[in-house]
Amino acid sequence: MKPLNVADYRLAAKRRLPRGMFEYIDRGTEDEVGLRGIRSALDATRLNQHVLNDVSAPDTSTVIFGETLPLPVIISPTAVAGLVWHDGEVQLARAARAAGIPFCVATQSMTSMEDIAAGAEGANLWFQLYVFEDRGLTRDLLRRAKALGIRNLLFTADTPRSPKKEWNTRNGFGIPIKPSLAGGLDLLTHPRWSLAVMARYVLTTGVPTYAHYPPEYRTSITRAAVWDNVKLARRLTWDDFAEVRREWDGNLILKGVLSPADAERALSLGADGVVVSCHGGRNLDSAPMALDALPKIADAVGGRMTILADSGIRRGSDIVKYIASGADAVLVGRATLYGTAVGGEKGAKGVIDILAEELDHCMAFTGRSRLSEITRDAIWRP
Ligand SMILES: Cc1cc2nc3c(=O)[nH]c(=O)nc-3n(C[C@H](O)[C@H](O)[C@H](O)COP(=O)(O)O)c2cc1C
């Protein structure tokens, strides 16, 4: 049956993907308080309904970093997109291209930024940076992104440790993938994925790897050891951010900001934007919800830098709630991954189309025709 909403895509993805991989994408960390909190914060936010406004010609477009986007949506960087479907990152980039929105390539993607650019010619690509222990390798990534014409760089700063995902330890899935009995059974019971994704990789390009790691350090995702140089930096400070600012002449956006003070500091160091994000409930389980943190950050730096936000977007109304709380545009992570897992480019595009349609509906019910009309007073206060 045709999926009618993101939840339908999620269920279809759950059936298709090995359990360990589905849980890696879907779940949170520790007690998953953060994951539940994201949803309840969004659900608890009610929107004012206004009637008899002319909403016959809605416009969901916006300008982000000088570019007009038909929707205020960017596809988030997600490390394993290339594992949910064969060439998953290329599929996502093509879906983004078809929708006219950007796709942000992750440092830890399975396909390199060059191959994604070649496979989805004309796609609007951004790049997400994780800083390696070896800063020379980081500089190399910046050079490559620039050479490809990428203008927008997300500097992810909210992962100072590998988060504690206990269920991942139990279900045997991790990156790098380690062979286990549970993992083997998981593959056998999900033959569609095992054949269409993993077997296809093995028979063509080999077991997938982190494509941006230099060949001399690259380890197959089935092998545990990763050289120290390509471990994510354990000591990552504002000096590193300032250093990247000196080296990157495009737009620099700090991802993982949840406090006005951090947003102010990023601005003072020359950031062009921030992503207000609790990383989809995947990092600090006790973090505040991005939706709750957003208004104060918007009050502090709004108008002086671009404010993006993410975490938990599953409905068009969620986009409206983030915009009403101060975001210029949102990032979507899991929703489009579910779509990719179900149908590659077509599935991801299906999810974007649903979000676009729901956004239009929500704007019409709330009596707003343009994104600029979605202001703080769109949120109902009892
Ligand atoms: C499977 C998965 C992998 C992710 N990998 C990264 C990553 O490598 N870098 C990063 O900055 N964010 C990463 N994220 C976080 C997303 O960019 C985004 O902040 C988050 O998914 C938003 O929440 P949502 O999934 O509820 O939309 C990942 C998220 C998921 C679900």
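Ligands are counted one by one from 1 in listed order, and the atoms in each one are counted from 1 as well. Only heavy atoms go into these numbers, but all of them, side chains included; no hydrogens, no water, no symmetry mates.
Under 4.0 Å from ligand 1, the heavy atoms of Ser277 that appear belong solely to its side chain. Contacts between Thr78 and ligand 1 below 4.0 angstrom, taking non-hydrogen atoms only, involve backbone and side chain alike.
A donor-acceptor distance shorter than 3.5 angstrom exists from the side chain of Arg245 to the backbone of Trp248, with no hydrogens or angles considered.
Protein heavy atom in closest approach to atom 5 (N) of ligand 1: Ala79 N, 2.9 Å. Among all non-hydrogen protein atoms, the one lying nearest atom 25 (O) of ligand 1 is Arg334 N, 2.8 Å.
Pairs of residues two or more places apart, or lying in two chains, never qualify as ring pair (Phe, Tyr, Trp, His ring centres under 6.0 Å) while including a residue from residues 278-315.
The residue among Ala106, Pro77, Ala157 with a heavy atom at the shortest distance from atom 14 (N) of ligand 1 is Pro77. Considering each of Gln128, Lys255, Arg282, the one bringing a non-hydrogen atom nearest atom 9 (N) of ligand 1 is Gln128.
The atoms of ligand 1 that sit less than 4.0 Å from any heavy atom of Arg314 are 24 (P), 26 (O), 27 (O). Atoms of ligand 1 found under 4.0 Å from any heavy atom of His279, numbered from 1 in the order shown, are 10 (C), 12 (N), 13 (C), 14 (N), 15 (C), 19 (O). Listed by atom number, the atoms of ligand 1 under 4.0 Å from Thr156 heavy atoms are 10 (C), 11 (O). Counting atoms of ligand 1 from 1 in the listed order, those under 4.0 Å from a heavy atom of Gly312 are 23 (O), 24 (P), 26 (O), 27 (O).
By the ring-ring contact (aromatic ring centres under 6.0 Å, His included) test, Phe103 is found to be paired with no residue, residues two or more places apart in sequence or in another chain being considered.
Between Asp140 and Arg143 there is a salt bridge, since a side-chain N of the basic residue sits under 4.0 Å from a carboxylate O of the acidic one.
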